[in-house]
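Quick notes on the structure that follows.
So you know, we letter chains A, B, ... as the sequences are listed, proteins then strands, and number each from 1.
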There are 2 protein chains.
Amino acid sequence: METRREQIYNTAGTLFSRRGYAATSVRDIAGELDLQGGSLYAHIKSKEDVLWAIISRAAEQFLAAARPLAASDAAATVRLRGMIHAHIAVVTGRIEQATVFLQDWRYLSSPRREQIGALRDEYEGLYRTTIAAGVARGEFAPTDPKLAATMVLSAINGVHAWYRPAGPLSPDEIAERFADMLLNGLKVEGRRSKVEDPTSGRGGADGD
Amino acid sequence: METRREQIYNTAGTLFSRRGYAATSVRDIAGELDLQGGSLYAHIKSKEDVLWAIISRAAEQFLAAARPLAASDAAATVRLRGMIHAHIAVVTGRIEQATVFLQDWRYLSSPRREQIGALRDEYEGLYRTTIAAGVARGEFAPTDPKLAATMVLSAINGVHAWYRPAGPLSPDEIAERFADMLLNGLKVEGRRSKVEDPTSGRGGADGD
DNA sequence: CCTACCGATCGGTAGG
DNA sequence: CCTACCGATCGGTAGG
């Protein structure tokens, strides 16, 4: 039993994720539901309220999934792996809402945009803190936690752009491979000290 | 000596990168140049032509920077590092155009959108091929080159969203750290042989 | 490059 | 939830 308003949110999520908020009209949304444009306003207050409903819920889902993992007393490696799995689960589980959250939050007007910005900062902080703890414990190599958190989040946010439920990898399989690559790196030798690469004839130790 | 048309492209790049293509009007662009809206059409044919000029140039810059690096006979590790540096140099050197390229290409209409899609595929292919070569040579751990290329590109594309020229890190410093993290991973131990990883409950994992 | 304008569409409302 | 409408704005053009 889905209320009309929830139907509007879902339809808008689909259209916003495809065309973007600015390029989607209220008549587009109404048309998908076989309504006249003005009829939407019996259920919603404004187009931006619909965007807000989608984005604020998505933000809370990301945070609700990550907070307990970040706060657990497991090893940082385990926590970070769990957070990557949780993030990709949210992205793939509600891909349209997640896409709108990631791509259209700048269209919120002023008090709301800053609210979402604060939630994004909090979320990134969970990653930063977890990585910093891993560095402090010697689990992670010395690295800038802020830069590392930004990179990890960029990598896993990208999933929304290409994931298809019919694809060959499940969300957990994607998360496992992403976590492997992010934690262990691509290179066989891994990191320990910055020794030179023996397969390189051109002096790889000298960063460019 | 910048032609009026180039001024229009630059101004549009700034506005499109900030507000998005769909939410930027031709009158917004004209206003920044102290022109009337209709006056733009003495220099351009359509709003979409402006978008196309920005995006097609950006796509060519990314490709022109990466092609010779991908084709070199250096070690895959060296090639991939070089490609990451080149990519971040393009993103940071023309950040507005790069942002428009990354965020607004879906607003191109049909023949052009597919053209850009093909260039994006070619570009991703350079990363995929380089990573696959690294795996074949034993430089990289066994991994799905397609997934790895997608992840690396997502990570380095994210730079456009937060890079500021006044920030503490130069583009090359950012690239060096990103390459370190992507190639060597976050963990101190690094990867050696996947089958012996005690933190993974799922063995196997080759074969796709 | 401006003035003046075109038809179309926008988000939203009144009154039923 | 519909009909009918509001003022504003959209991309673009004619004619100078």
Side-chain angles (χ1 to χ4, degrees), chain A residues 1-56 96 100 103-113 116, chain B residues 1-56 96 100 103-113 116:
Chain A
M1 214 49 204
E2 199 183 23
T3 69
R4 203 54 156 159
R5 181 157 41 191
E6 293 298 326
Q7 287 180 10
I8 293 170
Y9 292 163
N10 286 330
T11 302
T14 304
L15 296 182
F16 291 168
S17 71
R18 278 191 208 146
R19 315 175 188 176
Y21 175 76
T24 304
S25 73
V26 295
R27 285 168 181 79
D28 292 335
I29 300 166
E32 288 285 316
L33 295 165
D34 291 312
L35 299 178
Q36 297 301 311
S39 303
L40 282 190
Y41 290 86
H43 305 99
I44 64 166
K45 273 172 43 195
S46 69
K47 185 189 177 192
E48 196 193 306
D49 276 11
V50 176
L51 180 65
W52 172 248
I54 295 167
I55 287 181
S56 59
E96 290 160 349
V100 173
Q103 90 186 351
D104 285 333
W105 69 288
R106 64 179 156 167
Y107 295 112
L108 291 169
S109 57
S110 198
R112 289 166 162 180
R113 191 173 56 245
I116 293 297
Chain B
M1 211 49 201
E2 199 184 21
T3 69
R4 202 56 155 158
R5 180 155 44 190
E6 293 298 326
Q7 287 179 10
I8 292 170
Y9 292 163
N10 286 330
T11 301
T14 303
L15 296 181
F16 291 168
S17 72
R18 279 191 209 147
R19 315 176 189 176
Y21 175 76
T24 304
S25 73
V26 295
R27 286 168 179 81
D28 291 336
I29 300 167
E32 289 285 316
L33 295 166
D34 291 311
L35 299 178
Q36 297 301 311
S39 303
L40 282 190
Y41 290 85
H43 305 99
I44 65 167
K45 272 172 44 194
S46 70
K47 186 189 176 191
E48 197 194 305
D49 275 11
V50 175
L51 180 64
W52 172 250
I54 295 167
I55 287 181
S56 58
E96 290 159 350
V100 174
Q103 90 186 349
D104 285 332
W105 69 290
R106 63 180 157 167
Y107 295 112
L108 291 169
S109 57
S110 197
R112 289 167 163 179
R113 191 175 54 246
I116 294 297

Practice task
Please report, rounded to the nearest Å, how far the P atom of dT3(C) is from the CG atom of Leu35(B).
Solution key: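 That distance rounds to 11 Å.
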Problem - Whole-Å distance separating the CG atom of Leu33(B) from the C1' atom of dC2(C) - result: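 My rounded result for the distance is 15 Å.
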Exercise for the section: Inspect the contact between Asp49(A) and Arg112(A) and indicate whether a charged nitrogen and a carboxylate oxygen are less than 4.0 angstrom apart. Expected result: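 Result for this pair is yes, salt bridge flagged.
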Handout entry: Complementary nucleotide for dT3(D) - Watson-Crick or wobble, under 3.5 Å
Key =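 dA14(C) - that is the nucleotide pairing with dT3(D), both distances being under 3.5 Å.
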I'd like to know if the side chain of [X] and the backbone of [Y] have a donor-acceptor N/O pair within less than 3.5 Å.
{"X": "Glu48(B)", "Y": "Ser109(B)", "answer": "yes"}
{"X": "Arg113(B)", "Y": "Leu108(B)", "answer": "yes"}
{"X": "Gln103(A)", "Y": "Gln103(B)", "answer": "no"}

For nucleotides 9-16 of chain D, which of its nitrogen or oxygen atoms have a protein nitrogen or oxygen under 3.5 Å away, and what is each distance?
residue: dC10(D); atom: OP1; partner: Ser25(B); partner atom: OG; Å: 3.4
residue: dG11(D); atom: OP1; partner: Thr24(B); partner atom: O; Å: 3.4
residue: dG11(D); atom: OP1; partner: Lys47(B); partner atom: NZ; Å: 2.9
residue: dG11(D); atom: OP2; partner: Val26(B); partner atom: N; Å: 2.9
residue: dG11(D); atom: N7; partner: Arg27(B); partner atom: NH1; Å: 2.8
residue: dG11(D); atom: O6; partner: Arg27(B); partner atom: NH2; Å: 3.0
residue: dG12(D); atom: OP2; partner: Tyr41(B); partner atom: OH; Å: 2.6
residue: dG12(D); atom: OP2; partner: Lys47(B); partner atom: N; Å: 2.7
residue: dG12(D); atom: O5'; partner: Tyr41(B); partner atom: OH; Å: 3.4
residue: dG12(D); atom: O6; partner: Arg27(B); partner atom: NH2; Å: 3.1

Problem - Residue of the set Leu35(A), Thr24(A), Ile44(A), Thr14(A) for which side chain to side chain contact (heavy atoms under 4.5 Å, CB included) holds with Ile29(A) - result: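 Per the side chain to side chain contact (heavy atoms under 4.5 Å, CB included) rule, the option paired with Ile29(A) is Thr24(A), out of Leu35(A), Thr24(A), Ile44(A), Thr14(A).
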